[in-house]
Amino acid sequence: MIRVVRVALLLAMLAAMPCRADDEVLDHRSYGRAISQILSSIQASDFAAVDALHARYSSPLARSSDGTWMLQAFPVAFDAGLTSMPAAQVDEIFTQWKRVDADSALLPVAQAFAWQSRAWRAKGGGCYTGISAASRKAFDTLVAKAADALRSSRDEAKGSVLWYEAAILVAGGQGRPAADLDRLLAEAEARYPGYEPLYAARMTFLLPAWGGSFEAIDRFVREAARANERREGRAFYAWLYLDLAAARGCDRLFDHSLVSWDDMKPAFEDMVSRYPDRWNLNVFATFACRARDAVTTATLLARLGVDANLGAWSQGVSTESCRRMVRDANLQVRNAAAQDLSSAFR
Amino acid sequence: MKPRVLTTLAAACAFACAGAAAQWWNPDSPIAPGKWEAYSKSFVYSTAIFHDAENVVRQAVAAGDFRKLDRMHDEFLAMMQAGGNGSRMMGAIDDSLQDAFRPGDRPRYTAFFKAWREGAPASKMRPAAEARMWYALAWEARGGGYASDVPPESMKAFQDDIGRATAILREAGEGGKASPLWYNVAIGIAGVRGDDPRVLDAIFAEGVGRYPNYVGQYFARMNFLLPQWGGSWDRVDAFIREAVMRTQASEGTWLYANLYSSASATFHDGSFFSGTRASWPLMRHGFEDGLARGLGSLDTYATFACMARDRETTARILAKLGARANLGMGREGVTTEACQELVREGR
């Protein structure tokens with residue numbers, strides 16, 4: 001399942017974060033705080049607080065200073081909090097939630113995300129290995145449970161873009177035809193234009209493991225970037241390929257894909273021009289380093305200064321290793337220039 | 001009383017009383033403050049207390065409290081050497097140190113260890129802990145991928161930090177071996193440097209000879225017998241069987257299950273029981289032995305029963321766990337739901 005999941009990094013930030021007042025400015029820490037609030041509210045059975053937070057970030061759809069859609073805190077929290085505990089405990093949480101607020105529009109969405117997250121864990125995240133019949137059966141049963149939750153939801157639930165995101169993931173998991181998924185995406189796009197996680201959800205089912213291909217993914221990414229250019233410039237290209245880089249369980253999807261640094265670089269430039277948050281600058285620098293673009297990496301490292309913290313979703317890439325890459329590249333350039341100079345005098 | 005007698009009594013108390021104030025370090029201790037001495041002899045070091053100790057060690061590293069670390073280490077070392085209750089607690093320190101150090105905090109760690117050296121020059125723990133720090137940072141720089149996938153500058157950073165870890169151990173000399181933690185990190189360093197396996201064997205043999213009750217060393221040595229380090233599952237199996245023979249008296253066959261459970265985390269190529277030499281009947285026996293000693297967990301036992309497609313054992317443990325069942329240990333494709341389906345398939 002693909003989405004920009006920064007759980008490990010955010011959980012590391014959570015420990016140091018106190019709760020903030022309701023008039024907080026949505027900066028790059030706000031997303032992590034939101035996840036923390038959702039998890040602690042669920043733990044405290046304060047479902048009204050969960051609903052209130054959802055309402056706060058829905059109208060209008062809020063984004064933090066790095067461009068992250070704040071509502072994404074919900075599926076991330078549901079995945080982190082509701083997949084690692086026994087199923088009976090999850091059922092109990094939803095029973096309590098229903099008892100407290102049977103009309104909650106978010107509850108069926110939460111159920112759908114929780115059950116389909118558990119489905120994906122039962123299936124296993126390995127993209128290229130077969131799964132056992134028992135794992136497949138468990139997956140199908142849990143996805144069906146997620147589908148039931150969406151089916152039983154009232155129309156008001158579609159008032160949340162998260163309903164559509166869950167619906168695409170569930171429909172894809174059930175193996176529904178591509179046309180059904182495209183129709184859901186189109187309906188969601190019309191109501192919530194530019195909400196990138198919807199595209200990430202759809203893209204999941206273009207992966208080779210789901211009968212797709214990297215060519216299909218590349219076509220989809222380019223089309224999505226074109227369709228959203230007015231709002232985001234070329235940034236969608238970067239957002240979607242970053243989702244591939246962050247995908248859990250499937251090894252090195254990004255490296256196997258048709259991503260092009262020549263296209264990703266201007267996409268990052270459009271991203272940081274709109275959301276010049278240091279998180280985005282660090283990600284830009286990380287991928288410039290991965291692409292061995294020493295000039296861009298050096299420029300960004302200089303801009304970041306002591307805030308440089310490279311390495312997101314990139315094993316073996318760190319601020320230090322990228323500084324070294326830049327130094328080595330400069331040394332090669334100087335050596336090559338020196339050789340050119342000396343051969344000019346022979 | 002003459003000063004020499006007082007000194008002798010004080011020294012004796014420092015040894016004996018280290019175990020007497022059993023939970024001085026634990027803010028979550030079930031024993032009320034001030035009552036530690038009264039409960040020390042009957043106190044049981046459960047899995048929960050082990051995890052408490054892990055958290056306390058991490059917090060002490062973060063807070064730069066080396067005096068607390070030294071005192072905990074020396075106390076746990078005494079319990080380990082005495083055997084019996086509390087003898088496993090040294091493992092809590094080693095486990096915590098393995099993930100206590102994060103990239104980006106390098107200057108803080110350097111200052112911390114400088115303060116530790118100056119403030120406690122005779123510390124038994126400090127050399128191993130400092131070497132462990134450089135070892136951890138080396139791996140953070142390299143990442144976990146295959147060597148051929150690591151960018152050259154990351155590999156250089158890795159090698160530089162391994163060099164620093166090596167220098168720390170060398171500088172400590174024989175004094176560094178006053179802690180069993182020295183042997184674990186020394187095996188790790190020798191392994192990643194690609195030293196001759198006989199070097200690792202020699203370090204391991206010395207370590208288990210000196211600290212026979214410290215089973216952490218078996219995990220450290222086994223790691224470099226795995227296929228990804230040029231070893232094989234045959235060699236892993238031979239090592240594990242030998243480990244069980246050595247530790248029968250204290251561990252029964254628990255190490256068979258525990259070592260294979262650890263090794264399985266590196267196996268991603270289909271069925272674990274088909275792709276390795278692990279014997280499910282022996283693992284099952286090991287888990288039963290462990291549980292009888294208060295070790296291991298039913299969730300882990302059931303996870304492996306499920307992986308072995310032992311429906312009867314899986315069903316039995318799932319019934320015991322009831323609604324608390326939480327199988328999988330983070331392994332994708334092995335979850336409570338998938339294992340429940342496996343059991344249902346067999347009916």
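Since the model is a prediction, treat every value here as computed from it, not as a measurement. Chain letters run A, B, ... following the sequence lines, proteins first and then strands; every chain starts at 1.
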_Just so I understand: if I count every heavy-atom pair under 4.5 Å between each of B:Leu342, B:Thr335, B:Asn326, B:Leu327 and chain A, which residue has the most?_
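Maximum pair count with chain A is reached by B:Asn326.
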Taking every non-hydrogen atom, the tightest pair across [X] and [Y]:
X	Y	value
A:Gln315	B:Gly143	OE1-C, 3.2 Å
A:Ala134	B:Glu341	O-CB, 3.6 Å
B:Ala157	A:Glu320	CB-OE1, 4.3 Å
A:Ala88	B:Ala323	CB-CB, 3.5 Å

*What part of A:Arg323 is in contact with chain B, defined as an atom under 4.5 angstrom from a non-hydrogen atom: side chain, backbone, both or neither?*
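Neither part, no heavy atoms under 4.5 Å.
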*Look at the side chain of B:Ser154 and the backbone N and O of A:Ser321, then say whether any donor-acceptor pair between them is shorter than 3.5 Å.*
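Here the side-chain-to-backbone pair does not exist.
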Please table the atom pairs, donor to acceptor, closer than 3.5 Å between any side-chain atom in residues 80-87 of chain A and protein atoms at least two apart or in another chain.
from: A:Thr83; atom 1: OG1; to: A:Asp79; atom 2: O; distance (Å): 2.4
from: A:Thr83; atom 1: OG1; to: A:Arg121; atom 2: NE; distance (Å): 3.4

*asked:* Among A:Ala138, A:Gly311, A:Cys322, A:Ala308, which residue has the highest count of heavy-atom pairs closer than 4.5 Å to chain B?
replied: A:Ala138
*Side chain, backbone, both or neither: which part of B:Arg344 has a heavy atom under 4.5 Å from chain A?*
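B:Arg344 has no heavy atom closer than 4.5 Å to chain A.
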*Check whether B:Asp149 gets within reach of chain A through its side chain, its backbone, both or neither, counting any heavy atom under 4.5 Å.*
side chain
*For the residue pair A:Thr141 and B:Glu337, establish whether any side-chain heavy-atom pair is separated by less than 4.5 Å.*
no
_For a 4.5 angstrom cut-off between non-hydrogen side-chain atoms, does A:Arg324 reach B:Asp160?_
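With C-beta onward as the side chain, the pair touches.
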*Heavy-atom count around B:Arg106 CZ within 6.0 Å, excluding the residue itself: above 12?*
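Above 12, so yes.
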*NZ/A:Lys98: more than 12 non-hydrogen atoms of other groups inside 6.0 Å*: no
*Residues that A:Ala110 engages under side chain to side chain contact (heavy atoms under 4.5 Å, CB included), provided they are two or more places apart*: A:Phe78, A:Phe94, A:Trp97
